Amino acid sequence: MSQSSELTVARTEQGYVVAVVGQGTRIQSPAVRDFISGALEDGASVVLDLSACNYLDSTFLGCLVILHKRSAAKESGCDGQRFCIHAGEEVVQKLLHPTRLDSILTCNAQPPATTGEAVPLPVVDLERKEFGKHLLDTHEELAAVDSPSSAAFRLVCDQLRNELGEGE
């Protein structure tokens with residue numbers, strides 16, 4: 001599997017579209033989390049475009065749950081949500097359904113209209129401890145989702161807590 005990925009951001013009338021082309025992994029998830037969290041805090045709506053994404057790892061999936069929880073269920077833009085996913089049914093089934101995130105996240109098959117050119121969203125490097133905390137936070141969110149993988153994510157959380165020295 002190729003490790004290629006690209007993140008871009010484009011403006012919309014109500015906020016932004018962040019597109020993931022290729023893979024969304026633990027490497028890209030902090031940049032996506034930081035940008036979308038900031039946009040949501042500023043009152044913008046954000047669409048995460050996964051239509052050209054072929055893989056999401058567990059860290060990126062957990063990041064989606066975090067962003068969903070941070071978004072307010074008011075204002076228009078994403079069927080009443082300020083954060084939603086754009087992807088066709090085939091992509092949703094492949095990337096989100098195995099962890100049942102398709103039942104939690106708001107998904108929209110219609111692509112958002114952009115008002116400008118897409119620009120690259122740079123990937124950020126986190127300090128080791130901060131990165132470990134990001135991994136733990138995202139996997140705790142997945143462990144809380146009722147899915148066939150919940151128990152495995154709880155084990156990952158236990159291991160990460162041990163490695164970070166954060167025993168329960």
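Small disclaimer: the values here were computed from a predicted structure and weren't measured.
Note that CG of Leu164 and CD of Glu130 are 12.0 Å apart. Values are rounded to the nearest 0.5 Å. Put simply, OG on Ser149 and NE2 on His139 are 10.5 Å apart, with the number rounded to the nearest 0.5 Å. Rounding to the nearest 0.5 Å places OH of Tyr16 at 7.0 Å from CG of Asp42. Interatomic distance, Cys63 SG to Leu135 CG, rounded to the nearest 0.5 Å: 11.0 Å. For the atom pair CD (Glu163) and NZ (Lys129), the distance works out to 11.0 Å, reported to the nearest 0.5 Å. Rounding to the nearest 0.5 angstrom, the gap separating the SG atom in Cys157 from the CG atom in Asn162 is 11.5 Å.
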Residues Val21, Thr8; criterion side-chain contact (heavy atoms from CB on, under 4.5 Å); working and verdict:
CA-CA 8 Å; Val21 177; Thr8 61; 5.5 Å; no

Could you walk me through whether Thr25 and Tyr55 pass the side-chain contact (heavy atoms from CB on, under 4.5 Å) test, one step at a time?
CA-CA 8 Å; Thr25 70; Tyr55 174 79; 4.1 Å; yes

Derivation of the side-chain contact (heavy atoms from CB on, under 4.5 Å) call for Asn108 and Val47:
CA-CA 9 Å; Asn108 188 339; Val47 176; over 6 Å; no

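Other residues, nucleotides and ligands place no more than 12 heavy atoms under 6.0 Å from the CD atom of Glu90.
Note on residues 135-149: pairs passing salt bridge (charged side-chain N to carboxylate O under 4.0 Å, His left out), not counting sequence neighbours, are Lys69-Glu141, Lys133-Asp137, Glu140-Arg161. Under the salt bridge (charged side-chain N to carboxylate O under 4.0 Å, His left out) criterion, no residue pair touches residues 93-122, with sequence neighbours excluded.
Among Val92, Leu142, Ile85, Leu95, the one residue that satisfies the side chain to side chain contact (heavy atoms under 4.5 Å, CB included) test with Leu101 is Leu142. A side chain to side chain contact (heavy atoms under 4.5 Å, CB included) with Val46 is found for one member of Ile36, Leu67, Thr12 and no other, namely Ile36.
In terms of heavy atoms, Cys53 sits closest to Gly24 at SG-N, 4.1 Å. Minimum interatomic distance between Leu7 and Ala31 (heavy atoms only, all atoms of both residues): CD1-CB, 4.3 Å. Taking every heavy atom of both residues into account, Ser5 and Gln28 meet most closely at OG-NE2, 2.7 Å. Annotation for His86 and Ala109: closest pair CE1-O, 3.1 Å, computed over non-hydrogen atoms. Of all heavy-atom pairs spanning Ala10 and Thr114, the tightest one is CB-CG2, 3.7 Å. Nearest heavy-atom pair across Cys107 and Leu96 is SG-CD1, 3.8 Å.
Remark: the backbone N or O of His68 is paired with a side-chain donor or acceptor of Ser71 at under 3.5 angstrom. Between the Arg154 side chain and the Ala143 main chain, a donor and an acceptor come within less than 3.5 Å of each other.
Hydrophobic clustering, with ILVMFWY side chains joined whenever heavy atoms are under 4.5 angstrom apart, groups Phe60 together with Phe153. Criterion: ILVMFWY side-chain heavy atoms under 4.5 Å apart, direct or through other members. Under it, Ile104 and Val91 are part of a common hydrophobic cluster. In the hydrophobic clustering of this structure, Val123 groups with Leu48; members are Ile, Leu, Val, Met, Phe, Trp, Tyr whose side-chain heavy atoms approach within less than 4.5 Å, directly or through other members. Residue Leu105 is grouped with residue Val20 when hydrophobic side chains (ILVMFWY) are merged at heavy-atom distances under 4.5 angstrom, including chains of intermediate members. Hydrophobic clustering (ILVMFWY, side-chain heavy atoms < 4.5 Å, transitive): Val156 and Ile27 are in distinct clusters.
Shown here are the salt bridge (charged side-chain N to carboxylate O under 4.0 Å, His left out) partners of Asp49, two or more places apart in sequence or in another chain: there are none.
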